[in-house]
Number of protein chains: 2
Amino acid sequence: MTLDNANLKKAGLKVTLPRVKILEILEKAKDHHLSAEDVYRVLLESSEDIGLATVYRVLTQFEEAGLVIRHNFEGGHSIFELDHGRHHDHLVCVKCGRVEEFVDPIIEERQQEIANKAGYAITDHSLNIYGICGICQHP
Amino acid sequence: MTLDNANLKKAGLKVTLPRVKILEILEKAKDHHLSAEDVYRVLLESSEDIGLATVYRVLTQFEEAGLVIRHNFEGGHSIFELDHGRHHDHLVCVKCGRVEEFVDPIIEERQQEIANKAGYAITDHSLNIYGICGICQHP
DNA sequence: CTAGTTGCAAATCATTTGCACTTGC
DNA sequence: GCAAGTGCAAATGATTTGCAACTAG
């Protein structure tokens, strides 16, 4: 499942070069979790004449349109990833910034139970495990 | 268990008025989760002549000393709470801002397993469930 | 054509830092 | 007394916004 121009139209967004390019970058990135700066850097490398402000604007619109998810990991800046509809949590390396995804059905279930017991109607949840990845431990 | 001046000394921090006051504010606040601005506002109300920069410096030192925990909830700014040693996760009401704490041993254990399996040495983790609390659902 | 978009620069927000002055021990 | 701590203002870094120029439909 790939997000493309059709998704832009469906979201009521004009299919412009900056939007297409940014969608493409998020889609192709090795590590699918990028900061606005990361996206901007890739654009510069491709000699695209797109401003950082536009990157932020586009990412925010994509978020509102449900195309991307914004994460508030430790470290000040936001991280964006395409929303392919499959919920998952994150393992974040505090040293190199690597991000891995995981899903644990037991944890998901327990969370639901906890919220129910406390009388909360869950709207969202985020579980981030911070640590030092294998590569950073053995350089 | 209350955190007080003794904890400051133990952390190698001089017992100064700003530090004592800020510790006191974190201790007394109804909702024990405050932003730096929140703390600063309370100080202003108490007519204390303490600058915002000092609030940030003190909170950061407290964090390094293990006296407080800094959370990166959604919304841009950091939230601080005293660290009474008992790890817990959070249920956050997206409507009224209420924050409730909880601990689930099974979730804790699964997280550890997941990190181990992925080769990560956990340094920290945060689990936040966002939802609408019972009170906000039935006004 | 024209409402939606963009680039750039200036503005904002949260947080940090440089520096001369003050205070705890 | 002196290193640690503080206030203030200026500096930062991330993100946002005003506005005139531009472009997709």
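Residue numbering restarts at 1 for every chain, and letters A, B, ... go by the order of the sequence lines.
- Taking the six-membered ring for Trp and the full ring otherwise, A:H90 and A:F73 have centroids separated by under 6.0 Å.
- Between A:S78 and the phosphate of D:dA14, there is no side-chain N or O to OP1/OP2 separation shorter than 4.0 Å.
- Using a 4.0 Å heavy-atom distance criterion, B:S35 is classed as making no nucleic acid contact.
- One can place CD of A:E37 at 13 Å from P of D:dT16, the figure rounded to the nearest angstrom.
- When distances run from any side-chain atom of B:H77 to the nucleotides C:dT15, C:dG7, D:dA9, the shortest one goes to C:dT15.
- As rounded to whole Å, 15 Å separates atom C1' of C:dG4 from atom NZ of A:K9.
- One can find a donor-acceptor pair under 3.5 Å joining the base of C:dG7 and the side-chain atoms of A:R57.
- Between B:L59 atom CG and D:dG5 atom P there is a gap of 15 Å when expressed in whole angstrom units.
- Of the side-chain N and O atoms in B:T16, one or more sit less than 4.0 angstrom from OP1 or OP2 of D:dT6.
- For A:L17 and D:dT23, the CG to C1' distance is 11 Å, given to the nearest whole Å.
- Mapping B:I50 and A:T60 onto DNA chain D by nearest heavy atom places B:I50 at the nucleotide closer to the 5' end.
- Distance from the side chain of A:P18 is smallest for C:dG7 among the nucleotides C:dG7, D:dC8, C:dA14.
- The nearest whole Å value for the distance from the CZ atom in A:R41 to the P atom in D:dG13 is 14 Å.
- Atom CD of A:E48 and atom P of C:dG7 are 10 Å apart (whole Å).
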